[in-house]
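These notes concern the structure reproduced below.
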Amino acid sequence: MGAFPELLRALLLVEALVGSLCLAILAVRRVLCRWPDVPLRLDGTEPRNVAGGQSLLAAVRGEGYLLPGSCGGRGTCGVCRMHVRRGGGERAPAEEVLISPADLRAGLRLACQVRVRQEIEAELPEDARAAAFVRAVVSSREDLTHAVHRLLVRIEEPPGWKFAAGQYVQMFQRQPEEGGEPLTRAYSIASDPAAAEIIEFHIQHVPGGEMTPWLCSRSPGDELWFSGPYGGMTLGEGDAGRQVVCVAGGVGFAPMKSVILSLAGRSAPPTTWLFAGAASRTGLYEHDWAVAMAARNPWLVYVPCVQGCSDEPADDSGGEGREFERGLVTEALERRFPAGTPAVALLCGPERMVAAARSVLAGKGLDPKDIRADTL
Amino acid sequence: MTGGLTGLFLAAIFTDNIALSMFLGLCPFLSLSRRIPVAAAMGLSVTLVMTVTAVLDWLLMRRLLIPYRMEYLQFLVFILVIAAVTQILEALIDRYSPRIYAAFGVFLPLVAVNCAILGVSLFASFRDYGFLETLVYAVGSGIGWTVAILIMSGLRRHLVFCRPPEALGPVGTVMTLASLMALAFGCLSGLVVR
């Protein structure tokens, strides 16, 4: 037999084998591995039947609740947390890594890692219940530094959308359609909650990132979609009469700006500390705003910190004779914030900064439940 | 002393142990033998996949490759079958026995790259085993591999009580242990007549 027909025959056999094996796998998945519908009971309401076999995250989203999450259900961001009372099954390794042992014992799970296989009883986080799907239009984009951009967006739908200072939204890269997991990322709101028609975001451009290059290329008039508001890094009624300590690293400044604007709207704002850290002077992108704000409002103590890169000119004036603290923002916190002060702390920045600030503040006598944080 | 199918079965477990005399499937044998439950789960997965793939590969070999004189596609065909069988078994176990699925964890998909599986199919074909012989050989090899990894993990639990030469390092220690086990299994060779 010639070489060519032989080759053709071999190829045909391999193709046929691969094809039939794929068909067999598909058939097994579709026919033999089909799950029956499973009752899902959220917050003790009437159970509703949802398709079995999917993740709890998909099931909850299918029920119309906007549970946050920014890794596409891969179990890496650790945001889609829910208390699962019954039927959650075995814990996945990702959960043991991302959730603290105490929270695991209390039944906290990552919704993306829980498979809906039997009747499930779970509780929605408060913010997921209140969150809405928002359509907005970019009204302006401005470069604050070479890497940080200010985006002002006008809320189109729903009318009367509200948020609390310190909360964040989940930005979608495209209009989410039925099916498919849209790419989402979390961004804190930097503007005053009293004026919620136009809101402000500070976007750090991540070169080669999946989201920020797209977001930073939006121009006025472009539509944006996000869900929210989410997050518990806010001040509540119970915090009256105590000082407020805001610790921000990099674009973690954004929610602090919102918090300070909302405090400035109060009749008697509490003494508020704003520790803002960056690698270099240019990284303190809203320095002038903060200096002006502190000059106008005696209740605000602004402590800018730069790590003191050698390429920066030693500008120690900082405006109004205010000095830049040198070193890490947590070192400045250690030096400047008086121990034993009754206070509530809001932390937003890189994970290591948040962890370090937590331990500094705990050392200064703050109750761990009064330290609220969002990591970037 | 035994021969026939019983002999084949015992040989696959003891004297021709796939891990200790053929040195196949050594990566999981060395890396997953730290804890006994993990070793048991892996052994069970290997036995299961080994049996199913050896039978399927025998059928494909006898009914397709040999009649059409395309034995040279053996490796490719066997590997494809192993990959597909692993996928199907994973889906089925996930659906019908979530508890066993949780016990297997990541090990079931790992089986797809275990060379002992391919080895058993190939040996069965090289040695011209019939259907029943292939089945017995595959089950025996799976049990043999499981026995080997279980003994290894049992021994490793006791390593904390002894002081092997430091220069060996952890991998060297386990390799030495494996070779001693192979010697011990070799002493059983009088058990089977071929």
Side-chain angles (χ1 to χ4, degrees), chain A residues 1-38 51-56 74-75 84 86-97 104 109-110 113-120, chain B residues 32 35 37-38 41 48-49 52-53 55-112 117-118 121:
Chain A
M1 192 188 285
F4 186 66
E6 177 74 37
L7 182 70
L8 210 64
R9 213 167 58 149
L11 280 175
L12 216 64
L13 185 128
V14 172
E15 291 296 337
L17 186 69
V18 171
S20 44
L21 288 175
C22 288
L23 280 179
I25 294 175
L26 280 180
V28 166
R29 289 223 172 122
R30 285 279 161 81
V31 182
L32 292 178
C33 301
R34 182 191 292 277
W35 287 84
D37 282 0
V38 170
Q54 59 181 337
S55 72
L56 182 58
R74 283 187 285 244
V84 176
R86 205 153 58 79
E90 297 268 334
R91 283 201 284 260
E95 296 175 285
E96 317 244 334
V97 174
L104 280 175
R109 304 286 303 265
L110 292 184
Q113 299 296 308
V114 175
R115 295 275 298 277
V116 181
R117 288 193 170 115
Q118 48 194 320
E119 187 175 349
I120 284 194
Chain B
L32 297 175
R35 289 176 46 227
V38 169
L48 194 62
V49 177
V52 178
T53 53
V55 167
L56 279 178
D57 286 343
W58 184 88
L59 284 173
L60 279 170
M61 194 69 199
R62 290 299 171 98
R63 298 278 174 270
L64 198 65
L65 297 183
I66 293 179
Y68 289 97
R69 282 189 285 129
M70 290 198 285
E71 295 91 336
Y72 57 89
L73 287 175
Q74 198 180 35
F75 275 74
L76 193 57
V77 167
F78 284 9
I79 289 171
L80 285 171
V81 168
I82 292 171
V85 165
T86 319
Q87 287 275 314
I88 289 174
L89 278 180
E90 192 188 358
L92 284 175
I93 295 176
D94 182 24
R95 169 65 184 87
Y96 292 104
S97 180
R99 187 163 290 179
I100 294 182
Y101 182 77
F104 278 149
V106 75
F107 303 115
L108 203 57
L110 267 184
V111 168
I117 311 275
L118 180 63
S121 288

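Chain A is the first sequence line, chain B the second, and so forth, proteins listed ahead of strands; every chain is numbered from 1. All values derive from a computational prediction rather than experimental measurement.
- Looking at A/R9, its side chain never comes within 3.5 Å of a backbone N or O of B/M70 through a donor-acceptor pair.
- The most heavy-atom pairs under 4.5 Å with chain B, out of A/C33, A/A92, A/G89, come from A/C33.
- B/Y96 touches chain A through its side chain: at least one heavy atom from C-beta onward sits under 4.5 Å away, while N, CA, C and O do not.
- Residues meeting the salt bridge (charged side-chain N to carboxylate O under 4.0 Å, His left out) test with B/R35, sequence neighbours left out: none.
- Side-chain atoms of B/I88 and A/L32, non-hydrogen and from C-beta on, never get closer than 4.5 Å to each other.
- Contact annotation for residues 19-26 of chain A against chain B (heavy-atom separation below 4.5 Å, listed by residue number): A/L21, A/A24, A/I25.
- Looking at B/L92, both its backbone and its side chain come within 4.5 Å of chain A, counting heavy atoms on both sides.
- Nearest heavy-atom pair across A/E6 and B/Y72 is OE2-OH, 2.7 Å.
- Rounded to the nearest 0.5 angstrom, B/L64 CG and A/L13 CG are separated by 4.5 Å.
- Legend: residues meeting salt bridge (charged side-chain N to carboxylate O under 4.0 Å, His left out) with A/E90, ordered by chain and number and at least two apart, are absent.
- If you measure heavy-atom distances from A/R34 to chain B, the contacts under 4.5 Å come from the backbone alone.
- Shown here are the side chain to side chain contact (heavy atoms under 4.5 Å, CB included) partners of A/Q118, two or more places apart in sequence or in another chain: there are none.
- Taking the side chain as every heavy atom from C-beta outward, A/L17 and B/L60 approach each other to under 4.5 Å.
- Proximity to chain A (any heavy atom under 4.5 Å) is shown, for B/L80, by both the backbone and the side chain.
- Taking the charged nitrogens against the carboxylate oxygens, A/R29 and B/D94 have no contact shorter than 4.0 Å, which rules out a salt bridge.
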